[in-house]
Amino acid sequence: MADLFDQATRRGFGAPTRFEADIDDCEVLGKIPTDLNGAFYRVGGDWYYPPLFPDDAPLNADGYASSFRFKGGKVDFHGRWVRTHRLEAQKAARRQLYGYYRNPNTDDPSVRDLLHPNLRTVSNTAPFAHAGRLFSLKEDGLPYQLDPNTLATKGTWDFHGKWKSETFTAHPKIDPLTGDMIAIGYEAKGLATDDVYLYTADKQGNVRHEVRFKQPYVSLIHDMAITHRHVLLPFGGYVTSAQRLKEGKVHWGWDSSKPSYIGVIPRDGEAKDVRWFKGPERCMMHVFNAHDEGDKVILYAPFYDSNFFPFFPNVDGAPFNPSKARAFIRKITIDLSSSKDTYEEEILWPMQVGDLGKVDPRVVSLQSRYLYTSFSDEKRPYDRAASGPNAPARMTNSYGRFDLKTGKLDSYYAGPTHTLQELSFVPRGRGEEGEGYLVGVASNYAEMRSELIIADAQRLGEGDVARVILPFRLSSQVHGVWAGADELPLR
Ligand code: V55
Ligand code: FE
């Protein structure tokens, strides 16, 4: 997510782009596989107007969606703002009206009465496709539905009135065996509340199960995992309170004295069945996957040792410590047959990795073999001179495929002037895990343009099979997802 920090500078690749775009038949290097029929969607932030507070979190930038539609070896691009209530209000006023990340007390008085998070969310975190619908997500509000062909915003989505949480996670999970969607909202009853609502919707998108419970302390539950039988909710370290928000601060602070927790609840369980397993200080953002193993639950996740976000300050006033903002591939074991309330953790690969991990969507909830993530391979060349004055100190130059069976990592290297955003997995073939492509956007600093990489996930060492060249720089993605033409009504 290093690109997000470029965005914090609002210079170079991180400078706002502020335009919408449609490009038919994009320029391509190499050959687009003709079996690719679907679209790669991405969502990130792009400040329409500069932030009111220069030290605000870049996670507070206005949501921007883009798509690469693949069909018959050709690629069409679209880029659109997510037309949130908030963006419309800003555009009407022709200026920024909103203050710090998730703190309405810092907004312009003209919008301060619109406290409902639906009206304040920037919807800048993740695209999500389920039940034939496409959404843009941000964990502090409801989903915005987007047209999968044009990316036009259709409005917020509340599951036919059945979604009662004020918020909706950026990381719902889809069970590949049933098509069910499992999702949460935290701060479900409003800002700084410790209420969590968990929902299951069937493959038609109809809610059929709701559980309401409390978390041990109000904190950011960013991602979640499912197994065949359980839902896992990891969090740690970030804290907020009504008092903190009244003081006009950015929503989260980091409290290194707080334990991390992983909540475990049976898929068909009730509030009384929730168990919280404790661990040391950890910044638990994204997961790879989880599965059941007898009475044990196994979670693979690229968690950080400590606070990863410099713009969410330590509550004790200590300066941000970059040496602890390191993510590793971790295996977490929870023994449900034991009365212990702790989890166990093991690091599987000695090098740091990026924390934006993926698995083949066909093995979500099941024992998986391959974990995919971007990382910075320092053994690979970096042409700093050719990359220009705005290039980062290190490039995220590689995609990695970690093999849980052999403990080996295969990698794809993007080149000496390129940094990679999050990758997404595109399934291919009859369903064997790992058969498919990795796709993701690269920032080419030498040319100051964005390129979409397409690599064969089983032949990463051979380089990419194609690159889609855009004649401009794209704003940074947070997350992306592939949706096949069988999943969405694509033209
Ligand atoms: C994350 C991202 C967010 C956010 C909270 O990656 C956490 C973690 C892009 O917005 O609001
Ligand atoms: Fe995320």
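When a ligand or atom number is given, it counts from 1 through the structure's own listing order.
- When the options Gln477, Lys138, His479 are evaluated for a side-chain hydrogen bond (donor to acceptor under 3.5 Å, both in side chains) with Asn124, the one that passes is Lys138.
- Aromatic ring centres of Tyr238 and Phe312 lie closer together than 6.0 Å.
- Contacts between Phe312 and ligand 1, counted as non-hydrogen atom pairs separated by less than 4.0 Å, are absent for every part of the residue.
- Residue Arg102 places no heavy atom under 4.0 Å from ligand 1.
- With hydrogens and angles ignored, the 3.5 Å screen pairs a side-chain donor or acceptor of Tyr64 with a backbone N or O of Phe19.
- Under the 6.0 Å cut-off for aromatic ring centres, Trp482 and Phe425 do not qualify, their centroids lying 6.0 Å or more apart.
- Heavy atoms from other residues, nucleotides or ligands lying under 6.0 Å from NZ of Lys246 number 12 at most.
- At under 3.5 Å, not a single nitrogen or oxygen of Glu139, backbone or side chain, sits near a nitrogen or oxygen of ligand 1.
- Close contacts between ligand 1 and Met285 involve ligand atoms 8 (C) [criterion: under 4.0 Å to a heavy atom].
- As for His286, its N/O/S atom nearest the Fe ion (ligand 2) is the one called NE2.
- Set against the non-hydrogen atoms of Asn124, the atoms of ligand 1 under 4.0 Å away are 9 (C), 10 (O).
- Against a heavy-atom cut-off of under 4.0 Å, Tyr101 is close to the following atoms of ligand 1: 4 (C), 5 (C), 11 (O).
- The contact set between ligand 1 and His286, taken as ligand atoms under 4.0 Å from a residue heavy atom, comprises 6 (O).
- Around the Fe ion (ligand 2), the angle linking His222 (NE2) with His479 (NE2) is 160°, rounded to 10 degrees.
- Environment of NZ in Lys214: crowded, with over 12 heavy atoms of neighbouring residues, nucleotides or ligands closer than 6.0 Å.
- Just one of Arg95, Gln90, Gln96 meets the side-chain hydrogen bond (donor to acceptor under 3.5 Å, both in side chains) condition when paired with Asp108; it is Arg95.
- For atom 2 (C) of ligand 1, the choice among His171, Lys138, His222 with the nearest heavy atom turns out to be His222.
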